[in-house]
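Below is one structure; the comments refer to it alone.
Only a predicted model underlies this, so the values are computations on that prediction, with no experimental measurement involved. Below, read A as the first sequence line, B as the second, and so on, with proteins coming before strands; counting in each chain starts at 1.
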Amino acid sequence: MTTETRNGADAARGLGRRSFLGSAVAGTAMLGAPAVLGQGRPRLVVVGGGSGGATVARYVAMQSAGAIDVTLIEPSRMYYTCYFSNLYLGGFWAFEDLAHSYATLASTHGVNVRHDWAVGVDRDAQTVALAGGGSVGYDRLVLSPGIDFVDGAVPGWDEAAANLMPHAYKPGTQTALLKAQVEAMPEGGLFAMVAPPNPYRCPPGPYERISMVAHMLKQGNPTAKILLVDPKPGFSKQALFEEGWARHYPGMIERIGPDLGGDMVEVNPAEMTVSIDGMIEAVDVCNVIPAQKAGRIAALAGLTNDDGWVPVDPFTMKARADAAIHVLGDASQQGDMPKSGYSANSQAKVAANVIRHELTDARLFPARYANTCWSLIAPEDGVKVGASYEATEEKIASVDSFISQPGEDAELRAETYRESIGWYNGIVADMFG
Amino acid sequence: MQRLPDAGNCAILRGMTCNLPRQLSAKAASAIALAVVPGLPAGAAEDGDPARGALVWSGQCAMCHALDPQAEDRVGPHLADLIGRPLGAVEDFPGYSGPMILAGLDGAVWNERRLRAFLRDPYAMFPGTRMGFGGLHDAGDLENLMAWLIPASRGEATPQPGFRVAPEVLAIEGDLEYGEFLAAECTTCHRRDGGADGIPSITGWPEDGFVTVMHAYREKVRPNVTMQTITARLGDEEVAALAAYFATLARGEN
């Protein structure tokens, strides 16, 4: 079987657009590729029901029309998106509107949704162990576990401190906690954010969050200040955010980059202080977004590298170390794509095609990827950055890109914001519809 | 019932006079349509330049709308005799949003003020509009288009052909299965159920119209940097495959 899966990956690799389009028999040639493995319906197991996992489960189930048995393992009964959680902070989006149910995946598409934790992967036996007991066998496994935080990344902070200094960087209650804390800030108080080093989930996310907190404070606490402690010399959409901050929130936001000690930060959650290169600052709210790594199951499966991510094959999204396992989204190390929900959704479709090709006789098409990240700076002031990508031997490589421009007129910004709402409703329909 | 915004409340529209010609002679109109330079005939619009408006029409509108009521189905309804026509009322055009049809049934007709407001920001007037166009943000472009479109709609200008795709490209037969795979890149944003709220619906379009619109993005004739980037790497066969696939999906209800 290992040989067969390698053949599948090789087929994907050989399938450049030119050769695909240039050959009228490409489709029929692919029919000769390996089909069903063993007895009964081939089994796909997906761990993690977010943008990568829900999408791949839905597409394989929907497009294979029952030919592949699809199991989705996800502990939460409702999925809360990380994207748009900043808009909830800013008062533009309801908390309930971040929540999505797995019901349609089960009822319409026939996905076995198991609300349980995956706690181990036996790659030889091809089984996933569940916290609730027992295990599930697979012919193909998809891991799409999102992120975990690197222990000790911000001295003084650990997950136990997240009720005092929330990260609000995984979906759900942490975001609600952070919002409540901002609302409870004393007049003229200080909000601090410790931004993460690269690479991390949602590159513009921390800066959109700064914008949304500033918007909140401008409404109810206009003399409050925001301190952004950042270990990175630059950040995503920097010119756009800085222009917007100066226009909408003048004098409110101060950023301390690594040149001023932004990379030398410690926190004391009990005292509510932040130490920047030895200078101690008392804060009222502190949002700590630590350095990140692949979700824990990826390491338990033995697939992560020294950086904590899973290197993947750009043509198939398979872990380089195991041709029966695809790794999607934030947890993967694939090249130029940002860690975003859009990216994970895009990668899931390539993986779904490869899985259907290898487990049934579906046609294989050349991998293609895309991403766009929208951010809201202030009411009706939306910006975006995006790119298209292709698979190369070395990595997923950017082909072409675009970004909103400083100084754009208000109507274009409003249109971009509306576009982001359309995208949100589109991607959740594409995952859960 | 859908409330129509009063364009008079719109800051940008205030202070703009609309002084479009009631009648244009055929000769004058064709002179304008040829896009030969300024020197407007007496009685023409003071604010809008129809010659420039003709260029806006051919670049932005004509890939989806015809002025000839007998023209084959396009992505959007024909615009013949638009002024005075009820909203959402072209018989047999299947792509209107529900609110637009209801507004028409409720007695709303296209007049200059309403048309201007709609073209400037279609979504503001009908949040569920199925017209995949973000609006003419440039006030000059808008007035120029108005100055050309209104007489042209009455048959008083030579129709501008607009952006067109070569017949041999339109003739490419789309590979449906490939289209289904490629479509997954679109459905991250454009909903398969045809719903539209900020991102246009693309289901159930006539195939030729779909191909024309995608090529217009690819050639950067049509604005929107995201779509220009997405289409930049779509070959003719891929566009045909997508057109074939999305044509199989029913137009949404909304």
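- Looking at S346(A), there are no atoms closer than 4.5 Å to chain B (heavy atoms on both sides), in backbone or side chain.
- Interface remark: A184(B) contributes backbone and side-chain atoms alike to the contact with chain A (heavy atom separation under 4.5 Å).
- The structure places CG of N353(A) at 11.5 Å from CZ of R368(A), a figure rounded to the nearest 0.5 Å.
- Side-chain contact of S51(A) with N345(A): a donor-acceptor pair under 3.5 Å is absent, judged by distance alone.
- For Y417(A), no part lies under 4.5 angstrom from a heavy atom of chain B.
- Of the listed residues (D121(B), N224(B), T187(B)), the one with the most heavy-atom contacts under 4.5 Å to chain A is T187(B).
- Ring centroids of W93(A) and F84(A) are separated by less than 6.0 Å, placing the two rings close together.
- Residues of residues 421-433 of chain A lying within less than 4.5 angstrom of chain B, judged on heavy atoms, are I421(A), G422(A), W423(A), N425(A), G426(A), I427(A), A429(A), D430(A) in numerical order.
- Of the N and O atoms on the side chains of E390(A) and Y369(A), not one donor lies less than 3.5 Å from an acceptor on the other residue.
- Of the listed residues (S420(A), A370(A), S401(A), S388(A)), the one with the most heavy-atom contacts under 4.5 Å to chain B is S388(A).
- The ring of Y123(B) has its center no closer than 6.0 angstrom to the ring center of F126(B).
- Although no hydrogens or angles enter the test, the distance criterion places a donor-acceptor pair under 3.5 Å between the side chain of D336(A) and the main chain of S398(A).
- Looking at every heavy atom in both residues, H109(A) comes nearest to R58(A) through NE2-NE, 3.6 Å.
- Each of E419(A), E243(A), E380(A) was compared with R413(A) under the salt bridge (Lys or Arg N to Asp or Glu O under 4.0 Å) criterion, and only E243(A) meets it.
- No other option in L412(A), I403(A), T416(A) has as many heavy-atom pairs under 4.5 Å with chain B as L412(A).
- Close placement of the F365(A) and F181(B) rings is indicated, their centers lying within 6.0 Å of each other.
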